[in-house]
Amino acid sequence: MYQVIARKYRPQSFDDVLNQDHIKTTLRNAIGQGRIAHGYIFSGQRGTGKTTTARILARCLNCQQGPTGDPCGTCASCLEITAGGSPRRH
Ligand SMILES: Nc1ncnc2c1ncn2[C@@H]1O[C@H](COP(=O)(O)OP(=O)(O)OP(=O)(O)O)[C@@H](O)[C@H]1O
Ligand SMILES: [Mg+2]
Ligand SMILES: [Zn+2]
């Protein structure tokens, strides 16, 4: 099955996202402290990881092991979000 490149190589965890340390630290701390805002706006140049980061955050919050900074990647929720078709948006 054909898969667009941006999906095929999209990082699946914060560790895989290059640079953007201020974003990763902010989001990891928010999750770790249970202080998650009711909304986030990702702003920046094209192709810098906004959609990627939003999907990782979605996995962090919706993982059956979560909220966690290291989503399991194998539960139903993680798999759905990876596939890009999860209807659950919190
Ligand atoms: N910081 C990053 N670390 C690793 N890979 C990245 C990073 N930013 C982008 N990529 C790669 O580039 C692809 C496109 O990234 P993404 O779709 O997240 O960008 P975007 O900021 O949402 O772009 P756009 O403004 O066009 O919507 C991803 O699939 C990923 O492989
Ligand atoms: Mg995008
Ligand atoms: Zn999971």
Side-chain angles (χ1 to χ4, degrees):
M1 190 184 82
Y2 177 75
Q3 197 181 24
V4 294
I5 288 172
R7 275 199 183 175
K8 186 173 179 185
Y9 295 106
R10 201 187 287 287
Q12 298 299 323
S13 73
F14 288 134
D15 286 338
D16 296 336
V17 174
L18 304 177
N19 299 315
Q20 315 297 4
D21 287 340
H22 54 308
I23 307 293
K24 293 191 285 185
T25 301
T26 300
L27 293 177
R28 276 204 180 107
N29 286 344
I31 294 164
Q33 296 167 10
R35 295 164 61 93
I36 299 153
H38 68 252
Y40 288 93
I41 293 174
F42 296 96
S43 158
Q45 291 190 326
R46 292 198 64 187
T48 49
K50 300 182 296 294
T51 297
T52 298
T53 305
R55 283 176 188 245
I56 294 170
L57 179 62
R59 277 164 60 122
C60 290
L61 301 182
N62 290 301
C63 177
Q64 282 166 19
Q65 316 278 334
T68 169
D70 292 300
C72 75
T74 56
C75 73
S77 180
C78 282
L79 291 174
E80 268 181 19
I81 293 166
T82 302
S86 176
R88 286 180 227 159
R89 298 198 180 91
H90 294 271

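Fair warning: this is a prediction, and the values are worked out from it, not measured in the lab. Start at 1 and go down the list; that is how both ligands and their atoms are numbered.
Within a 6.0 Å sphere centred on CD of Gln33, heavy atoms belonging to other residues, nucleotides or ligands number more than 12.
Using a 4.0 Å heavy-atom cutoff, Asp16 is listed among the residues neighbouring ligand 1. Under the 4.0 angstrom criterion for non-hydrogen atoms, Asn19 is not in contact with ligand 1.
Between atom NZ of residue Lys50 and atom CD1 of residue Ile41 there is a gap of 13.0 Å, rounded to the nearest 0.5 Å. Here OG of Ser77 is found 11.0 Å from CD of Gln65. Values are rounded to the nearest 0.5 Å. Annotation: the span from Thr53 atom OG1 to Lys24 atom NZ amounts to 8.5 Å, rounded to 0.5 Å. Atom CZ of Arg28 sits about 8.5 Å away from atom SG of Cys60, to the nearest 0.5 Å. Taking CG of Leu61 as the start and CD1 of Ile56 as the end, the distance is 12.0 Å to the nearest 0.5 Å.
Closest heavy-atom approach to atom 20 (P) of ligand 1 among the candidates Lys24, Arg10, Lys50, Arg55: Lys50.
At least one N/O-N/O distance between Gly47 and ligand 1 falls below 3.5 Å. Close N/O approach between Gly49 and ligand 1 is found [any backbone or side-chain N/O within under 3.5 Å]. Below 3.5 Å of separation, one finds an N or O of Leu18 facing an N or O of ligand 1. Every N/O-N/O distance between Gln20 and ligand 1 stays at or above 3.5 Å. Considering backbone and side-chain atoms alike, Thr53 places every N or O at 3.5 Å or more from each N or O of ligand 1.
Among the atoms of Thr52, no N, O or S atom is found under 2.8 Å from the Mg ion (ligand 2).
The backbone N or O of Gln45 sits less than 3.5 Å from a side-chain atom of Thr48, completing a donor-acceptor pair.
At the Zn ion (ligand 3), the vertex angle linking SG of Cys72 with SG of Cys63 is 100° (nearest 10 degrees). If you put the vertex on the Zn ion (ligand 3), SG of Cys78 and SG of Cys75 sit 100° apart, to the nearest 10°.
Partner of Phe14 under the side chain to side chain contact (heavy atoms under 4.5 Å, CB included) criterion, chosen from Ile31, Asp21, Thr25: Ile31.
Within ligand 1, counting atoms from 1 as listed, the ones closer than 4.0 Å to a heavy atom of Thr52 are 15 (O), 16 (P), 18 (O), 28 (C).
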